[in-house]
Amino acid sequence: MPITGVYFIPAHPNASTALGNITERLRSSFPDEDLIQLGRWTLEQKLMRDTPGLLPASSGPNQRPSKPRYMQFLSLSHYHNHGFIYTSEPAEQPFNIPNASSPSPAATPVAPGSANDSTTTSNTSSMLMTTVPHSSYTTLFQHFTYACQPFWCHRLTVVVQNGVFYDIGDFRVRLGDVRQTYPTNRVRGTVVEIEWRGPSVIDSLDGAVVSDVNGETDSGVDVSLSVLEESDVDAEFAATALLIREFWGRVGVEGAREANLVPGIGSEVKERLVKIKGARNNRGGLSGSAEDNPDPQAGADVARQYMEVLRFNR
Amino acid sequence: MATLTNDQIKVLEQSRQRLAQLTRSLGSLIASLNQSDPLPPWSSLQSQASIISNNLISVSEQLSDHRDLLSTLVAYPGPEYPGRTQANTLEQLLRTKLDPRVEDWVERGRIAGTEHQPTDTFAIAPSLAASAAQKKLTEADLAKLWEWAPIEANEEARRRNWGGNFTLEEREAGIQNVVTGLRKQLEDDEEDEDEDDEDEEEEGEDEMEIVGVHRKSGGNGVEFDIAPHHAHPVQPVVPLSDILRYMTTGRMA
Amino acid sequence: MHELLLFASVPIHQHAELLQQLAGLTAMQPRHCYERRLIFKAYRKPGVANARVGASQDLQSGDLQRVNKMLNGGMFYTQVVGPIQSTDFADPSVTATANANPDPNPNASPLDPDTDTKMDGMDSDSNIPRSAYDFDQQSWQLEFRDIPEAGTRSAVTSRVMATAALPRGDIVPSMNAWGYSFVTEYLVEGDMFIHNDIVINLHRVLHYPTIPGEETQPRHQIPALQQMAPLEKSGSYVLQASMTVHDGSNQETMKTASQHLFGLREQLKSAVRLEMADRLSLDTRVK
């Protein structure tokens with residue numbers, strides 16, 4: 001899972017976006033690189049908000065005990081196998097507490113706090129990432145609009161329709177204009193995703209898990225990984241974030257919203273670490289059932305970042 | 001909704017008349033059995049029975065000749081209908097299903113019709129009639145049946161010109177209606193298949209389904225007639241609706 | 001999508017024969033299936049009252065009405081269904097010792113603080129029957145079914161449905177965040193047939209060996225099949241014939257679909273009596 005950073009430069013409705021400017025700055029900031037468009041990409045985000053939170057009564061100063069809750073549906077063409085659903089944690093737990101006795105650190109949906117190590121818990125975000133097969137993405141969205149009206153309300157849809165991407169040094173840069181398509185058509189701004197494609201410890205972790213999923217034995221796991229700790233993962237993310245920030249600094253476009261080390265980032269990576277270590281310590285190992293989707297969680301981190309910057313209030 | 005043509009009204013009137021005749025002759029038989037003491041002579045009973053039988057045949061012919069019309073007719077009360085005073089009749093007219101009692105009769109008749117031995121009587125509850133019939137076969141009856149069946153089957157077989165996938169009746173009714181239960185598409189006039197009997201039955205059912213209203217009156221379907229075979233029936237305790245409710249919500253009530 | 005259904009109750013003594021009849025009718029061998037079914041229930045944050053009209057100028061009154069209407073919209077039970085294999089059940093020979101254990105629910109075992117918890121409790125409590133079942137790899141799908149449509153003239157149950165694949169493993173945190181809380185779970189055991197465009201299920205509900213409603217989350221282990229008890233004590237089965245119609249608004253397709261179901265009903269008439277279900281028994285609304 002690559003490490004990324006996402007920047008969003010808002011634009012006024014009906015005004016031109018910063019896209020041209022950013023492209024120009026990329027060209028001038030990295031004169032040694034050929035800025036060749038490698039392909040296109042698209043994005044769609046549907047934002048839902050908790051219905052009760054829309055009531056004026058709950059926005060009064062004295063009756064606002066809870067923050068608004070969101071459910072964001074994100075689909076990225078560079079992770080076309082699955083969609084991402086990013087949901088605010090329930091404000092209060094239902095009668096049963098889902099995480100309290102969960103013995104499973106390896107739950108497929110990212111459950112911050114369900115991982116057993118305290119460092120993860122301290123990192124707990126208030127949003128929960130679930131990746132679902134792409135076929136379910138639309139069905140689930142329709143389900144929530146149809147059957148969950150008392151608590152979920154579709155607020156808006158934004159899309160990037162004609163995104164482009166370039167490779168610049170060790171980075172891949174994805175650019176695109178964000179346009180709102182629901183409830184009204186309007187320009188929102190420009191989004192930039194910067195992906196670090198240089199060497200990373202995390203990559204070796206990816207390889208380990210993929211080989212395991214394919215049904216191979218533990219021999220596919222690099223022994224060195226067993227000495228990798230979650231703190232190392234955190235450090236790796238922090239270091240790469242600095243590289244990405246430095247890169248963005250060189251581009252030098254002002255007024256951007258940054259999503260880099262967002263809450264919950266790296267959760268999947270840490271889960272894998274736990275899984276791999278577990279597989280090594282247990283005789284059984286992971287059940288390597290053949291998946292249609294070799295990596296059903298790929299891209300969860302960049303999805304988090306997109307959803308952080310695209311969570312518009314109105 | 002289209003109004004009835006004169007011809008159609010005539011058909012209805014004819015049906016009414018024949019049913020009235022049947023009712024009258026049934027009534028007179030009942031009356032003579034009830035009232036005459038001693039019982040009327042057998043020759044009189046015999047002649048009354050044959051009258052009833054003739055009446056039945058003519059009703060049956062009438063109903064089947066005009067099945068298309070009768071099965072599509074829908075009764076509804078006109079504004080001039082005296083609904084206040086004739087509510088009972090109205091209710092009867094507006095029934096879409098048979099009276100449960102009548103359904104039982106129909107069921108009994110249907111089972112009687114599919115039995116090999118038409119002399120069997122069904123004196124007990126109709127739902128048990130089939131099983132009663134099963135139990136009534138004594139050793140001697142069974143032996144008689146076995147004696148009779150091979151010859152009868154052989155004769156039936158001789159009447160047919162064997163060969164091909166479909167019977168003449170099936171082909172006349174259109175082979176696309178035949179339910180073979182086979183995945184493979186059968187071609188007409190190909191190799192021999194010993195499914196003919198089954199196919200006929202299923203075809204008959206298909207036909208009834210289209211008619212809908214008539215499906216109770218002449219159905220067969222002996223191939224799945226299995227309920228009677230069980231010596232130790234165990235009826236479910238929990239009603240279906242409660243099971244479904246539990247499956248839906250995790251609660252029984 | 002729409003689903004059209006007919007149901008019948010099948011006494012246990014008829015089960016074996018009906019299986020054979022269905023095999024004959026459909027020209028296929030029965031496909032034996034086990035399904036975990038988790039019931040979830042939509043919950044709303046407590047203390048949410050109707051908006052006071054005119055309380056604020058932030059929302060247009062039209063918007064307010066719309067939000068109010070949404071707040072009073074239906075809330076539903078929904079199911080999360082996961083297939084399991086016969087090999088996922090615990091080994092009955094191990095189970096024999098486990099019977100001495102009053103609480104076979106592995107979820108109740110204390111949380112192992114070690115990170116190595118995938119096989120949590122494996123060594124600490126050998127009385128608990130274990131199988132190769134791996135909860136983290138359990139696949140799930142969300143199955144939403146609306147309450148059957150009311151007042152339909154045809155004698156068939158018809159309802160709106162949606163099915164969506166979910167991630168593997170522990171689905172409860174996601175369901176909680178989405179607004180659903182876990183109610184209970186049961187197992188469905190039975191056989192499946194395909195007859196043209198009709199799916200025929202002959203199945204029944206099995207309880208886990210704990211008092212239903214006692215669990216607070218889906219179990220991570222499957223007990224031995226022998227420990228499971230049928231909901232319907234006599235062991236009877238439910239025959240369900242169902243058909244999926246992609247476009248429920250198309251009257252013509254709906255009609256054709258019901259006619260196919262009626263055709264099956266006629267073919268099975270002398271064996272079982274397929275009927276539409278009592279609408280309220282399939283009521284998925286949360287009240």
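All chains are named by letter (A, B, ...) in the order of the sequence lines, taking the proteins before the strands, and each is independently numbered beginning at 1.
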*Asks:* Is it the side chain or the backbone of A:Tyr137 that comes within 4.5 Å of chain C heavy atoms, both, or neither?
*Replies:*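 Neither part, no heavy atoms under 4.5 Å.
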
*Asks:* Using heavy-atom distances under 4.5 Å, tell me whether C:Thr284 contacts chain A through its side chain, its backbone, both, or neither.
*Replies:* neither

*Asks:* Does C:Arg36 come within less than 4.0 Å of C:Asp88, counting only side-chain N to carboxylate O?
*Replies:* no

*Asks:* Please confirm whether C:Arg285 makes a cation-pi placement over C:Tyr77, using NZ or CZ under 6.0 Å from the six-membered ring centre and within 45° of the ring normal.
*Replies:* no

*Asks:* State, yes or no, whether a side-chain contact exists between C:Val81 and C:Leu38 at a heavy-atom distance under 4.5 Å.
*Replies:*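 Answer no - side chains too far apart.
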
*Asks:* I'd like to verify something: which residue of C:Gly179, C:Ala164, C:Ala42, C:Ala177 has the highest number of heavy-atom pairs under 4.5 Å with chain A?
*Replies:*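 So the answer, after comparing C:Gly179, C:Ala164, C:Ala42, C:Ala177, is C:Ala177.
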
*Asks:* Decide ring-ring contact (aromatic ring centres under 6.0 Å, His included) for A:His82 and A:Phe84; before the verdict, give the C-alpha distance in whole Å, the side-chain angles of both, and the deciding distance to 0.1 Å.
*Replies:* CA-CA 7 Å; A:His82 46 264; A:Phe84 304 92; 5.2 Å; yes

*Asks:* Is chain C contacted by the side chain of A:Ser88, its backbone, both, or neither, given a heavy-atom distance below 4.5 Å?
*Replies:*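 Looking at A:Ser88, just its backbone touches chain C.
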
